[in-house]
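Quick one: structure below, then a few questions.
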Amino acid sequence: DAMVIQNPRYQVTQFGKPVTLSCSQTLNHNVMYWYQQKSSQAPKLLFHYYDKDFNNEADTPDNFQSRRPNTSFCFLDIRSPGLGDAAMYLCATSGGNLGEQFFGPGTRLTVL
Amino acid sequence: KQEVTQIPAALSVPEGENLVLNCSFTDSAIYNLQWFRQDPGKGLTSLLLIQSSQREQTSGRLNASLDKSSGRSTLYIAASQPGDSATYLCAVITQGAQKLVFGQGTRLTINP
């Protein structure tokens, strides 16, 4: 089945220790998104790629960066995680002309 | 700036009831609208996409309606089951950048 896959599902890191979250997709969609979701809140868009074009949201901290080496994969790098970065990180993809987004299962990040 | 509101924030009903979840948005110039379901600790599952030119969209026991001029969408769930318990999120897909603007969600509990 075509899908969006996120690894790992759970990630524990230490304060200030860089961490990378991974997303892959078999949908062959040209747009990939990263969202941050904190408890009982709606997902917040961090950035997205339209093909190789990177689009950063104005309020995304510099601590968050992303790479998209090819159509299938996208990575979220958190350079120096703080306690406030503990959250669920969701990857999504979109293709076609309807704007519909498809989400992965998420990575729960814990910062100790 | 588009704002999306979902009322109520939480809803608890007995099994078997038909129910309606409400979503309102401030700017009627939407591209499309998407309804999601989110189980605790999981990613978002797309339930229905309703295009801006449509009045309603159906999938199984779910029916979504859209009234763009009044800035409202509803999600109707027929014959509710305990497995329907989850948080339901409404998201407007904006024109142009086709970003999702989320409501805060309705946490639904179906009691056996």
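So you know, we letter chains A, B, ... as the sequences are listed, proteins then strands, and number each from 1. Computed from heavy atoms alone, side chains included, the values below leave out hydrogens, waters and symmetry copies.
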Is A/Tyr33 close to chain B through its backbone or its side chain, or both, or neither, when contacts mean heavy atoms under 4.5 Å?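 Answer is side chain: those atoms of A/Tyr33 sit under 4.5 Å from chain B.
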Which pairs would a plain distance check flag for residues 88-101 of chain B, meaning a side-chain donor or acceptor within less than 3.5 Å of a matching protein atom at least two apart in sequence or in another chain?
residue, atom, partner, partner atom, Å
B/Tyr88, OH, B/Asp84, O, 2.6
B/Thr94, OG1, B/Lys99, N, 3.0
B/Thr94, OG1, B/Lys99, O, 3.4
B/Gln95, NE2, B/Ile30, O, 3.3
B/Lys99, NZ, A/Glu57, OE1, 3.3
B/Lys99, NZ, A/Glu57, OE2, 2.6

Using distance only, find each side-chain donor-acceptor pair of residues 9-21 of chain A under 3.5 Å and give its atom names and separation, not counting sequence neighbours.
residue, atom, partner, partner atom, Å
A/Arg9, NE, A/Gly106, O, 3.2
A/Thr13, OG1, A/Lys17, O, 3.1
A/Thr20, OG1, A/Asp77, OD1, 2.6

In terms of ring plane angle, is the pair A/Phe103 and B/Phe36 parallel, tilted or perpendicular, where the classes change at 30° and 60°?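 Plane angle over 60°, so perpendicular.
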Do A/Phe64 and A/Phe47 have ring centroids that are under 6.0 Å from one another?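 Between A/Phe64 and A/Phe47, which both carry aromatic rings, the centre distance is not below 6.0 Å.
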Are there residues of residues 54-81 of chain B that reach to under 4.5 Å of chain A by heavy atoms, and which ones?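 Listed by number: none.
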Enumerate donor-acceptor pairs with a distance under 3.5 Å from any side-chain N or O in residues 103-110 of chain B to protein atoms, sequence neighbours excluded.
residue, atom, partner, partner atom, Å
B/Thr106, OG1, B/Pro8, O, 2.6

Does a salt bridge link A/Arg79 with A/Asp62, judged by any charged N lying under 4.0 Å from a carboxylate O?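 Not counted as a salt bridge, because no side-chain N and carboxylate O are separated by less than 4.0 Å.
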Among A/Phe73, A/Trp34, A/Phe75, which residue meets the side chain to side chain contact (heavy atoms under 4.5 Å, CB included) test with A/Cys23?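 Going through A/Phe73, A/Trp34, A/Phe75 one by one, the side chain to side chain contact (heavy atoms under 4.5 Å, CB included) with A/Cys23 is satisfied by A/Trp34 alone.
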Examine whether an atom of A/Leu98 lies under 4.5 Å from a heavy atom of chain B, and if so say whether it belongs to the side chain, the backbone or both; otherwise answer neither.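 Both parts, backbone and side chain.
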Show the numbers, then the answer: is there a salt bridge (charged side-chain N to carboxylate O under 4.0 Å, His left out) between B/Asp27 and B/Lys1? CA-CA 8 Å; B/Asp27 186 347; B/Lys1 180 187 170 187; over 6 Å; no
Heavy-atom cut-off 4.5 Å, strictly under: side chain, backbone, both or neither for A/Gln37 against chain B?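 Side chain only.
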With only heavy atoms counted, which part of A/Ser94 is less than 4.5 Å from chain B, the side chain, the backbone, both or neither?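 The answer is neither part of A/Ser94.
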